[in-house]
Asks: 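Submitted below is the structure of interest, expressed as structure tokens.
What you see below is based on every heavy atom in this structure, not just the backbone, and it leaves out hydrogens, waters and symmetry mates. Note that the structure is predicted; figures quoted are calculated from it, not measured. Numbers restart at 1 for each chain; the letters A, B, ... are given by sequence-line order, proteins then strands.
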Amino acid sequence: AQSVTQLDSQVPVFEEAPVELRCNYSSSVSVYLFWYVQYPNQGLQLLLKYLSGSTLVKGINGFEAEFNKSQTSFHLRKPSVHISDTAEYFCAVSDPFTSTNAGKSTFGDGTTLTVKP
Amino acid sequence: EAGVAQSPRYKIIEKRQSVAFWCNPISGHATLYWYQQILGQGPKLLIQFQNNGVVDDSQLPKDRFSAERLKGVDSTLKIQPAKLEDSAVYLCASSSGLGNEQFFGPGTRLTVL
């Protein structure tokens, strides 16, 4: 079974400071990894994804994430945050390769990023 | 390209009543998901369709929840009868294939009194 742990439920940070949101996953097979963002009263939208290839992936709004297979992590980073980055961030893992998982995605419980002026 | 549509956006009902949610996925997306998102938690998969067949419904409370995707396009999720603990946001998502990135609708916020 696959699982996702987001290590911080809340991350407060000042504007223009760097931020890292941590995500660890558990799976016995190769996986796809995703970060989604959810702004207040909106649905989730994709920030970035790792399918294969380069372990450093870049997404929208200046975010990037690094896939570390040995540590089973997929941490999200941004060098300088803005007030508008205040939102809920979800890490997700999916396994499209095995029939038992059937491409099902498992989500973490989210990290609330609050950017203060 | 139109996104995933859901209706209604908000619904308030009393316990033991029934309720239905509708979802229209992105055109051409074969995979459709229904999630339940309780406040403070991540989305929990209720059911996953591939075209009009069920791929995974292991976490769907089948004594009260049902879902269908006739003709492999839009889908409805029904709760009958509702319980207080069903209060949540119900998200619909679609993707072009199993395991691929998902596109989410705005969700339906259900309050059960």
Side-chain angles (χ1 to χ4, degrees), chain A residues 1-10 21 23-25 27 29-52 57 59-60 65 74 87-112, chain B residues 1-10 21 23-26 29-51 53-60 88-111:
Chain A
Q2 57 194 27
S3 65
V4 176
T5 302
Q6 291 186 240
L7 298 164
D8 308 290
S9 60
Q10 297 194 39
L21 307 184
C23 171
N24 285 356
Y25 69 94
S27 176
V29 298
S30 296
V31 295
Y32 291 167
L33 293 158
F34 307 86
W35 275 99
Y36 291 86
V37 60
Q38 186 175 33
Y39 298 105
N41 299 314
Q42 295 186 26
L44 281 74
Q45 59 182 277
L46 183 72
L47 264 182
L48 48 77
K49 60 186 176 184
Y50 172 80
L51 306 183
S52 65
V57 293
I60 62 172
F74 191 55
E88 190 82 12
Y89 292 80
F90 293 95
C91 181
V93 59
S94 73
D95 166 22
F97 303 107
T98 58
S99 59
T100 49
N101 282 332
K104 181 174 66 177
S105 287
T106 301
F107 285 78
D109 280 335
T111 296
T112 302
Chain B
E1 177 182 82
V4 176
Q6 288 188 249
S7 67
R9 290 295 310 275
Y10 305 91
F21 312 127
C23 171
N24 188 258
I26 291 174
H29 279 190
T31 313
L32 185 147
Y33 311 80
W34 282 103
Y35 291 91
Q36 180 191 60
Q37 186 178 19
I38 292 173
L39 187 65
Q41 299 180 18
K44 183 186 85 170
L45 181 69
L46 292 175
I47 189 167
Q48 176 181 337
F49 292 94
Q50 182 72 7
N51 296 308
V54 175
V55 174
D56 185 347
D57 64 356
S58 57
Q59 298 194 81
L60 187 73
V89 176
Y90 291 83
L91 297 167
C92 179
S94 69
S95 72
S96 58
L98 295 175
N100 291 349
E101 69 181 89
Q102 297 177 36
F103 295 81
F104 285 81
T108 297
R109 183 177 298 276
L110 174 67
T111 302

Asks: Got more than 12 heavy atoms from elsewhere within 6.0 Å of CG, B:Leu39?
Replies: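 Not buried by this count: 12 neighbours or fewer within 6.0 Å.
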Asks: Given that the side chain runs from C-beta out, which part of A:Gln38 has a heavy atom under 4.5 Å from chain B: side chain, backbone, both or neither?
Replies: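 Side chain only.
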Asks: Is there a side-chain contact between A:Ser105 and B:Tyr35 (heavy atoms, below 4.5 Å)?
Replies: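 In contact.
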Asks: So which of A:Gln42, A:Glu88, A:Lys49 has the biggest tally of heavy-atom pairs under 4.5 Å with chain B?
Replies: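 Top count of heavy-atom pairs under 4.5 Å with chain B: A:Lys49.
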Asks: Do A:Val4 and A:Phe34 come close enough that some side-chain heavy atom pair is under 4.5 Å?
Replies: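 Not in contact.
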Asks: By a 4.5 Å heavy-atom criterion (distance strictly below it), what part of B:Gln102 contacts chain A: side chain, backbone, both, or neither?
Replies: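 Contact with chain A involves both backbone and side-chain atoms of B:Gln102.
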Asks: Using side-chain heavy atoms (C-beta onward) and a distance below 4.5 Å, is A:Phe90 in contact with A:Gln6?
Replies: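 A side-chain contact under 4.5 Å exists here.
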Asks: Kindly indicate whether the side chain of B:Leu60, heavy atoms from C-beta on, has any atom under 4.5 Å from the side chain of B:Trp34.
Replies: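 They are not in side-chain contact.
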Asks: Please state whether the side chain, the backbone, both or neither of A:Leu44 comes within less than 4.5 Å of a heavy atom of chain B.
Replies: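 Interface part for A:Leu44: both.
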Asks: May I ask you to name which of B:Arg9, B:Gln41, B:Gln6 has the most heavy-atom pairs under 4.5 Å with chain A?
Replies: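 Highest number of pairs under 4.5 Å: B:Gln41.
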